[in-house]
Amino acid sequence: MPELPEVELARQVLAGALGRKIRSVDDHDDWVCRPHAPGDIATALRGGRLVGAHRRGKTLWCETEAGDGRPGPNLGLHLGMAGQLRFAGESGPPGRARDRVEKPEWFRFGITFADGEQLRLFDTRRLSRVRLDPDLDALGPDAGEISRRDFAERVGRGRAPLKARLLDQSVVAGIGNLLADETLWQAALSPARPVDELSSDDLGHLHKALRKALRAAIRHGGVHTGEIIGHRRAGDHCPRCGAEMRHGTVGGRSTWWCSKEQS
């Protein structure tokens, strides 16, 4: 599943398509576009415009405007494991699925604008999702926008292991498995540590580490570019102190940490 940085890169591509009149919509894939039947999304959008590209955590959506200027439905775009938005020669996230011959059926959804440009959803695995008016009520604040105070209050509540708390999208939206490992390594905190044992300084340091990890991942093309990510394997070592990397399960997820600095 894509994490916040990948979805932000897709949002930036989507933003380039704003303001253009929609000529036609390809919503033929009834799995990707469920529960809508083929033609439902096209009917809702044709003749209108995309007017705002938004993201909260891993959730991406676009405000629309009908042809008469009235507000239209929100268009939700979920990337799945390997989805990518393409528009005007730009791809977000960049660099996916470019190592093979592309099949026409891998383009799962598309919008053609009056000027001839196309916004297309490319997905080799058919795990992406397009739907009208996606529900955002279960999501916590965005991980890239949450204040230090709110972060400490939300993350430091309860006795859950720290990594499990970070992965809870109702607490803070946008942190996935790789970003959690990167952030905890940056902060030198154990992923298994109960959150009620964290001091205010620990939580402040963690918030700072999260912001740093997010900025770097967005700048470099995704969470896979994190400093610790390439060392999450047996026999590898922490690039900061040289200690052996450890592996286990925390919060039901495969987890890697430095055996010395994150003990």
Side-chain angles (χ1 to χ4, degrees), residues 1-22 25 27 32-36 40-42 44-67 69-88 90-94 96 108-113 117-123 127-147 150-151 154 168-176 179 210-211 213-215 217-219 221-223:
M1 185 176 193
E3 304 189 32
L4 187 158
E6 285 78 15
V7 180
E8 172 58 22
L9 291 166
R11 189 203 66 79
Q12 293 172 11
V13 171
L14 179 59
L18 300 181
R20 293 168 166 80
K21 185 175 181 179
I22 297 171
V25 177
D27 61 353
V32 170
C33 296
R34 67 190 190 281
H36 309 294
D40 287 352
I41 298 177
L45 301 184
R46 192 183 299 115
R49 301 175 191 273
L50 307 180
V51 294
H54 304 282
R55 179 194 53 72
R56 189 192 302 173
K58 307 174 187 179
T59 299
L60 176 67
W61 75 97
C62 199
E63 290 180 76
T64 73
E65 181 183 271
R70 291 183 299 174
N74 287 335
L75 175 66
L77 297 161
H78 178 64
L79 300 178
M81 291 293 292
Q84 182 188 67
L85 288 183
R86 297 185 182 177
F87 178 75
E90 299 294 328
S91 300
R96 291 190 176 189
R108 309 296 180 179
F109 175 82
I111 296 176
T112 300
F113 299 98
E117 291 284 7
Q118 289 186 310
L119 174 70
R120 307 177 81 187
L121 174 61
F122 181 84
D123 181 8
L127 297 175
S128 53
R129 186 85 181 271
V130 180
R131 67 176 306 169
L132 300 175
D133 292 322
D135 185 7
L136 307 175
D137 291 343
L139 295 176
D142 183 82
E145 299 178 0
I146 189 170
S147 69
D150 287 348
F151 179 85
R154 296 178 75 89
D168 187 339
Q169 301 302 297
S170 68
V171 175
V172 180
I175 304 173
L179 182 58
L210 173 61
R211 297 296 294 271
L214 283 172
R215 288 193 298 268
I218 292 169
R219 184 168 62 250
V223 292

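Within the 3.5 Å criterion, the main-chain N or O of Ile175 finds no donor-acceptor partner in the side chain of Glu3. Put simply, the side chain of Ser91 never gets that close to the backbone of Arg86: no donor and acceptor are under 3.5 Å apart. With Glu6 contributing its side chain and Val223 its backbone, the two residues share a donor-acceptor pair below 3.5 Å. A donor-acceptor distance shorter than 3.5 angstrom exists from the side chain of Arg129 to the backbone of Arg34, with no hydrogens or angles considered. Side-chain N or O atoms of Arg56 include one that pairs as donor or acceptor with a backbone N or O of Leu136 at under 3.5 Å.
For Arg219, there are no salt bridge (Lys or Arg N to Asp or Glu O under 4.0 Å) partners, not counting sequence neighbours. Applying the side chain to side chain donor-acceptor pair (under 3.5 Å) rule to Arg154 yields no partners; only residues at least two apart in sequence or on another chain are considered. Glu63 meets the side chain to side chain donor-acceptor pair (under 3.5 Å) test with His54; sequence neighbours excluded. Evaluation of the side chain to side chain donor-acceptor pair (under 3.5 Å) rule for Asp27 yields no partner, not counting sequence neighbours. For Thr112, the side chain to side chain donor-acceptor pair (under 3.5 Å) partners are Gln118, not counting sequence neighbours. With sequence neighbours excluded, the residues forming a salt bridge (Lys or Arg N to Asp or Glu O under 4.0 Å) with Arg11 are Glu8, listed by chain and number.
Note that CG of Leu119 and CG of Leu77 are 7.0 Å apart. Values are rounded to the nearest 0.5 Å.
Using a 4.5 Å heavy-atom threshold, the side chains of Ile22 and Phe113 count as touching.
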